[in-house]
There are 2 protein chains.
Amino acid sequence: MKNANNNMQLDGIDKKILRALMKDARTPILEIARGVGISGAAIHQRLRKLEKSGLISGSKFMINPKVLGYTTMAYIGIYLDKAMSNPEAVKQLKQIPEVLECHYTTGNWSIFIKVLCKDNEHLMQVLNKDIQSISGISRTETFISLNQQIDRQIEI
Amino acid sequence: MKNANNNMQLDGIDKKILRALMKDARTPILEIARGVGISGAAIHQRLRKLEKSGLISGSKFMINPKVLGYTTMAYIGIYLDKAMSNPEAVKQLKQIPEVLECHYTTGNWSIFIKVLCKDNEHLMQVLNKDIQSISGISRTETFISLNQQIDRQIEI
DNA sequence: CCTGAAACCCCGTGATG
DNA sequence: CATCACGGGGTTTCAGG
């Protein structure tokens, strides 16, 4: 994981390039070039520089999981036994495909995860069968997301 | 927001197309075509079908906020006064660029958000100046993500 | 840090089986 | 649901200022 690089300085053209591609990763480079008034080759050079800096970490197609029947998203705070090492717990959580995010956090919990399930029953199975069966996990607290109202990236 | 469409059925080729594009949205269609052994035109047709179904919701360049100095991510549970309508609170939260996600959740909190800040001081300012100053927000509970260990999309 | 040109490759569609 | 063919355009790299 790359760390902060405070030498990173984006000018207006870099920002326009990034904003276009963050909105639609398949925007043609030449279209961006026409938009900002420089050549396609120059955009390429800038993109290479941005990649080398680590700012760009790739591009992804976004899919809407609801269409596949995944309608239940939940956050789960996990308490670990003192004996259980956090990295070992994470290793086990990685094996559960429904776990999409996993954080070490300050506060009550040792670990905080986001899961995506088809429905409440599926969520219950993931909790009872997959998560609770990891030895070292003593207790969990679940928050179901009834509705996600904001979902965006940082502003450039 | 699209809802579940249980008529959606993906065959192996659809899955290969989606997996390639979910990993790298700029993968050339013809490269995928060669990979799965059908023509580019056929991939195009399938992508149109997938778009029409709502499964594909676009493509995004992912950037690594750490490189811009955004090193503090936190989740915040928000308690709202009974008088405050949730939609109004969300509207106000949308004005805060550091707020990247916002959910209605079951459990203790009315609203649950994810924020991304440059450092702890910046987080404190967002909490005290931007969030707490929204009338109707009575109390918050903050969990700082010390480290994100898993970050992925659903498996296709 | 930029440009223009060249070579190569891809896109998206329409006709068709 | 697939294919081929095609015109238009995009990508990428190079030498050069």
Side-chain angles (χ1 to χ4, degrees), chain A residues 2 4-69 153 155-156, chain B residues 2 4-65 67-69 153-156:
Chain A
K2 278 283 185 354
N5 172 357
N6 290 320
N7 299 327
M8 198 66 224
Q9 202 54 18
L10 302 176
D11 67 12
I13 294 178
D14 288 328
K15 290 182 185 174
K16 281 186 183 171
I17 297 170
L18 287 172
R19 278 197 277 255
L21 292 171
M22 284 170 73
K23 202 157 63 166
D24 177 358
R26 290 187 77 94
T27 313
I29 270 72
L30 283 182
E31 190 178 314
I32 300 173
R34 286 189 293 269
V36 302
I38 63 177
S39 70
I43 307 272
H44 265 276
Q45 283 184 30
R46 283 166 176 270
L47 278 173
R48 267 202 294 275
K49 183 196 67 185
L50 292 170
E51 267 164 33
K52 232 180 51 196
S53 79
L55 213 208
I56 293 175
S57 59
S59 66
K60 301 243 178 302
F61 244 64
M62 311 306 291
I63 64 148
N64 179 354
K66 287 188 185 175
V67 176
L68 295 178
Q153 286 194 76
E155 273 177 23
I156 300 284
Chain B
K2 278 283 186 352
N5 170 357
N6 290 319
N7 299 327
M8 200 64 223
Q9 201 55 21
L10 301 176
D11 67 13
I13 293 178
D14 289 328
K15 290 181 185 175
K16 280 185 183 172
I17 296 170
L18 288 172
R19 279 197 277 255
L21 292 171
M22 285 170 72
K23 201 157 63 169
D24 177 359
R26 289 187 80 93
T27 314
I29 270 71
L30 285 181
E31 190 178 314
I32 301 173
R34 286 188 294 270
V36 303
I38 63 177
S39 71
I43 307 271
H44 270 276
Q45 277 187 38
R46 283 167 176 269
L47 278 173
R48 268 202 294 275
K49 183 195 68 186
L50 292 170
E51 267 164 32
K52 233 181 50 196
S53 79
L55 213 208
I56 294 175
S57 58
S59 67
K60 302 242 179 302
F61 245 64
M62 310 307 290
I63 63 147
N64 179 356
V67 176
L68 295 178
Q153 286 195 73
I154 202 183
E155 273 178 23
I156 300 284

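Lettering follows sequence order; numbering is per chain, from 1. Only heavy atoms go into these numbers, but all of them, side chains included; no hydrogens, no water, no symmetry mates.
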Using whole Å, what does the distance between atom P of nucleotide dT13(C) and atom CG of Leu30(B) come to?
14 Å
Find out whether Ile156(B) and Asp14(B) are in side-chain contact, i.e. whether some heavy atom of one side chain is under 4.5 Å from a heavy atom of the other.
no
Distance in angstrom units between Gln45(B) CD and dT13(C) P, rounded:
11 Å
Exceeds 12 heavy-atom contacts within 6.0 angstrom, atom NZ of Lys49(B)
yes
Interatomic distance, OG@Ser59(B) vs NZ@Lys60(A), rounded to 0.5 Å, equals 11.5 Å
Rounded to the nearest angstrom, tell me the gap between atom CD1 in Ile13(A) and atom C1' in dT3(C).
13 Å
Whole-Å distance separating the CD1 atom of Ile32(B) from the P atom of dC11(C)
8 Å
Along DNA chain D (nearest heavy atom to each residue), the more 5'-positioned of Arg48(A) and Glu31(A)
Glu31(A)
In whole angstrom, give the distance that lies between atom CG of Leu47(A) and atom C1' of dC1(C).
15 Å
Between the opening five pairs and the closing five pairs of the helix from dC1(C)-dG17(D) to dG17(C)-dC1(D), how far apart are the helix axes, to 10°?
30°
In terms of side-chain heavy atoms of Arg46(A), which of dC10(C), dT13(C), dC1(C) is nearest?
dC1(C)
Rounding to 0.5 Å, atoms CD1 (Ile17(B)) and CD1 (Ile43(B)) come to a distance of 4.0 Å
Please tell me which of Ser39(A) and Arg26(A) maps to the more 5' nucleotide of DNA chain C, matching each residue to the nucleotide holding its nearest heavy atom.
Ser39(A)
With a non-hydrogen cut-off below 4.0 angstrom, is Ile38(B) in contact with a base, only sugar-phosphate, or nothing?
sugar-phosphate
Is there a donor-acceptor pair under 3.5 Å between the side chain of Arg26(B) and the backbone N or O of Thr27(A)?
yes
Just how far, in rounded Å, is C1' of dC9(C) from CZ of Arg34(B)?
9 Å
Among Leu55(A), Leu10(A), Ile56(A), exactly one meets side chain to side chain contact (heavy atoms under 4.5 Å, CB included) together with Val67(B). Which residue is that?
Leu55(A)
Quick check for you: name the first and last nucleotides of DNA chain D, 5' to 3', having an atom under 4.0 Å from a heavy atom of chain B.
dC1(D) to dT11(D)
Between C1' of dC1(C) and CG of Asp14(A), the distance in whole Å
11 Å
Approximate separation, where rounding is to 0.5 Å, of Leu21(A) CG and Ile32(A) CD1:
4.0 Å
Side chain to side chain, Arg34(B) and Glu31(B), heavy atoms closer than 4.5 Å
yes
How close or far is atom C1' of dC11(C) from atom CG of Asp24(A), stated in whole angstroms?
14 Å
Could you go through Leu50(B) and Ile63(A), starting from their C-alpha distance and side-chain angles, then the distance that decides it, and tell me whether this counts as side-chain contact (heavy atoms from CB on, under 4.5 Å)?
CA-CA 10 Å; Leu50(B) 292 170; Ile63(A) 64 148; over 6 Å; no
